[in-house]
Amino acid sequence: MALTSQSKDFPKWYQDVVAKAELAEGGPVRGTMVIRPYGYSIWERMQAEVDVRIKATGTQNAYFPLFIPEEYLQKEATHLEGFSPELAVVTYGGGKELSEPVVVRPTSETIINSFIAKWVKSHRDLPLKLNQWANVVRWEMRPRIFLRTTEFLWQEGHTAHATEEEAWDFAVQILNEVYRDFMEGVLKVPVFTGIKTEAEKFPGATHSLACEAMMKDGKALQMGTSHALGQSFSKMFNIKYLDKDGEHFVWQTSWGVSSRMMGGLIMTHGDDSGLNIPSGLAPIQVVIIVVKDDPEVLEMADKISNELIEAGVRVVVDTSTQESVGRRSVDWEIKGIPVRLELGPRDVKENQAILVRRDLAQNKDLAKAPVSLDDVVSKTSDALLEAEEQIAKAALTQKNENTFPVKSIDEALEATKTGFAVMPWDDLGASGEAVLLENGVSVRCLQKSSPENERDLPKSTDEPNLVAILARAY
RNA sequence: CGGGCUGUGGCGCAGUUUGGCUAGCGCACCUGCUUUGGGAGCAGGGGGUCGUGGGUUCAAAUCCCACCAGCCCGACCA
């Protein structure tokens with residue numbers, strides 16, 4: 001009945017939250033998931049916030065087909081090699097065996113680039129920046145709801161540029177201004193950003209950049225990636241433009257974030273009371289609990305609700321008085337609603353409501369306070385802001401306190417039992433990386449050892465003085 | 001691919017060893033009454049081809065055979 005505690009069994013806690021907060025459940029085909037309305041409303045908020053940032057980079061949305069001719073994937077050897085074990089291939093259609101099998105997209109580089117090749121002729125067609133929101137399929141052996149599912153939702157951006165430098169700069173811009181800003185600004189999930197090692201990079205890319213977040217169990221979750229593709233796809237698909245100097249192959253990027261971020265949200269902020277959503281993201285920011293089925297209380301609840309809505313707050317009124325207050329409080333807490341206003345006959349008489357902050361649920365004395373109905377709107381807005389700040393602060397503390405500088409592989413293996421390890425890449429190298437991998441620890445990304453700011457990313461894994469961020473990963 | 005385990009109402013399980021009367025229990029669900037300030041109580045109620053097919057038997061959830069599905073461990077892959 002009760003939620004499994006995080007300390008007792010973290011994976012079980014995660015499954016419990018997903019189920020009890022009514023976020024999602026498994027589909028009939030292994031590895032698929034049904035995203036329930038409440039879970040989907042959170043995803044829609046994520047989509048909206050990411051989409052507006054993507055558009056701000058001058059990128060336009062479009063849509064490409066789910067089915068891709070198998071031969072398209074065969075054009076880029078590394079790309080095919082990377083994805084072939086997890087492809088779903090359709091061999092029958094319309095009751096007949098297909099002469100040319102079609103692949104259900106695992107990603108859309110190939111099909112999108114086959115069209116970019118048609119659309120790009122002149123330097124005036126560049127840069128071309130496309131994005132699509134879509135589902136993709138990668139057949140997974142060990143599915144975990146939201147974190148690794150056979151079918152998942154994402155956005156994938158695909159761009160073409162005239163120069164290598166411009167493509168690189170754009171890949172960095174997406175990582176910093178879209179993904180990092182969204183994750184730290186809206187999700188309140190602090191991330192490490194850096195470049196992927198040769199072993200970890202995207203199949204077909206020349207360089208992969210990533211945002212890596214630390215979950216509450218100390219494991220890493222890749223929250224987003226941005227790739228410089230070089231000219232590997234443009235050469236395969238013959239994407240060329242003309243300028244005064246003649247014909248040139250374009251330089252490309254691709255980048256994505258997925259429904260996996262739902263898992264990141266849950267495991268970064270969740271606690272033993274359930275989900276805990278930052279106010280800015282929350283599809284429901286305030287729930288007004290009508291304690292007792294009483295006309296005066298109902299009337300007052302509606303009045304407060306309307307005032308909050310006018311102030312731009314996303315609010316619902318819970319009038320299901322056939323359930324106990326305790327039950328309803330727990331249910332809304334599991335769903336992570338940032339602020340709860342409890343309103344009963346006593347409160348109406350005293351012109352007040354009880355304001356309860358979700359982020360303080362582990363400390364019930366602090367969590368509750370009466371607020372006058374005269375300034376309930378401003379007090380609620382303040383509480384929403386304070387709750388969000390508290391969530392962000394706690395996540396940052398968790399990340400900082402569990403990131404350990406280490407000097408050897410042995411120390412790294414020890415440190416990554418509970419958190420992240422940071423080790424000079426020159427000391428580790430590809431051979432050390434292989435040793436770590438055998439022990440379940442991977443290089444999440446490489447960073448400059450003393451960047452002026454964290455957004456200053458290495459251009460190559462060969463740069464001197466890089467540090468490796470090490471962790472066990474989902 | 002190898003080894004182990006499990007299939008019983010929406011979910012979680014008992015019952016199988018030793019065949020036997022109408023297949024039970026918890027949660028959830030429905031109805032009524034009393035309740036409602038941190039997971040309400042009482043009473044009543046609905047819901048099951050016991051994974052599928054075959055066999056043994058007077059009688060099978062239970063024993064036998066085959067098949068199917070799922071889970072765990074290993075291998076493989078990242």
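These figures come from a predicted structure and were not determined experimentally. Here is the naming used below: chain letters follow the sequence lines, and residue numbers restart at 1 for every chain.
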So the salt bridge (charged side-chain N to carboxylate O under 4.0 Å, His left out) pairs with at least one residue in residues 202-214 of chain A (sequence neighbours excluded) are A:Lys196-A:Glu212, A:Glu212-A:Arg444
### Message
Taking A:Glu307 first and then A:Lys303, would you say they form a salt bridge - that is, a charged N and a carboxylate O separated by under 4.0 Å?
### Response
yes
Residues at least two apart in sequence or cross-chain that pass ring pair (Phe, Tyr, Trp, His ring centres under 6.0 Å) with A:Trp13, listed by chain then number, are A:Phe10
Using a 3.5 Å cut-off and no angle test, enumerate the donor-acceptor pairs between side-chain atoms of residues 286-301 of chain A and protein atoms at least two apart in sequence or in another chain.
from: A:Asp294; atom 1: OD1; to: A:Glu296; atom 2: N; distance (Å): 2.9
from: A:Asp294; atom 1: OD1; to: A:Val297; atom 2: N; distance (Å): 3.3

- Task: Tell me what A:Lys368 touches on the nucleic acid: a base, only sugar-phosphate, or nothing, going by heavy atoms under 4.0 Å.
- Result: base
When rounded to whole Å, the CG to P distance for the pair A:Leu3 and B:G38 reads 20 Å
Sugar-phosphate, base or nothing in reach of A:Val325, heavy atoms under 4.0 Å
sugar-phosphate
Taken to the nearest whole Å, CD/A:Glu22 to P/B:A28 is 14 Å
Judged by modelled atom types alone, do A:His227 and A:Ser208 share a side-chain donor-acceptor pair under 3.5 Å?
yes
A:Gln15 CD to B:G12 P, in whole Å, measures 12 Å
When A:Asp293 and A:Val330 are each assigned the nearest nucleotide of RNA chain B, the 5'-most assignment goes to A:Asp293
In short, salt bridge (charged side-chain N to carboxylate O under 4.0 Å, His left out) pairs touching residues 378-390 of chain A with sequence neighbours left out are A:Arg357-A:Glu386, A:Asp375-A:Lys379
The complete set of salt bridge (charged side-chain N to carboxylate O under 4.0 Å, His left out) pairs with one or both residues in residues 253-274 of chain A, sequence neighbours excluded, reads A:Asp271-A:Arg358
Classify the nucleic acid contact of A:Arg328 as base, sugar-phosphate or nothing, counting any heavy atom under 4.0 Å across all strands shown.
-> nothing
Would you be so kind as to tabulate the donor-acceptor pairs closer than 3.5 Å made by side chains of residues 424-438 of chain A, with sequence neighbours excluded?
from: A:Trp425; atom 1: NE1; to: A:Thr461; atom 2: O; distance (Å): 3.1
from: A:Asp426; atom 1: OD2; to: A:Asn465; atom 2: N; distance (Å): 3.2
from: A:Glu433; atom 1: OE2; to: A:Thr197; atom 2: OG1; distance (Å): 2.6

Is it true that the side chains of A:Gln132 and A:Ser108 contain a donor and an acceptor less than 3.5 Å apart? yes
Review item, nucleotides 4-10 of chain B N/O atoms under 3.5 Å of protein N/O:
none

From CD of A:Gln352 across to P of B:G37 the rounded distance in Å is 16 Å
### Sugar-phosphate only, base, or nothing, as touched by A:Glu323 at under 4.0 Å among non-hydrogen atoms
base
Does A:Leu437 reach a base, just sugar-phosphate, or nothing at all? Heavy atoms under 4.0 Å.
nothing
So salt bridge (charged side-chain N to carboxylate O under 4.0 Å, His left out) across residues 339-348 of chain A, not counting sequence neighbours, yields A:Glu333-A:Arg340, A:Arg340-A:Glu342, A:Glu342-A:Lys368
Stems for RNA chain B (at least 3 consecutive Watson-Crick or G-U pairs, under 3.5 Å) come to B:1-7 with B:68-74, B:10-13 with B:24-27, B:29-34 with B:40-45, B:51-55 with B:63-67
task = Mark yes or no: A:Lys399 above the aromatic ring of A:Phe192, with NZ or CZ under 6.0 Å from the six-membered ring centre and no more than 45 degrees from the axis.
result = yes
note: A:Lys201, atom NZ; B:A78, atom P; distance rounded to Å ~ 15 Å
Q. For A:Ser273 and A:Gln362, does a side-chain donor sit closer than 3.5 Å to a side-chain acceptor?
A. yes
Check: If only atom types and distance count, is the side chain of A:Arg180 paired as donor or acceptor with the main-chain N or O of A:Cys211 below 3.5 Å?
Finding: no
Requested in this report: Kindly determine whether A:Asp16 and A:Lys12 satisfy salt bridge (charged side-chain N to carboxylate O under 4.0 Å, His left out), including the steps that lead there.
Outcome: CA-CA 6 Å; A:Asp16 282 358; A:Lys12 183 70 164 42; 3.4 Å; yes
Ordered by number, residues from residues 333-344 of chain A within less than 4.0 Å of RNA chain B (heavy atoms) are A:Glu333, A:Arg340, A:Glu342, A:Gly344
Ordered by number, residues from residues 264-275 of chain A within less than 4.0 Å of RNA chain B (heavy atoms) are none
Give me the distances for all protein-to-nucleotides 71-77 of chain B N/O pairs that come in under 3.5 Å?
from: B:C71; atom 1: OP1; to: A:Arg30; atom 2: NH1; distance (Å): 2.1
from: B:C71; atom 1: OP2; to: A:Arg30; atom 2: NH1; distance (Å): 3.3

- State yes or no: are the ring centers of A:Phe233 and A:His79 separated by less than 6.0 Å? yes
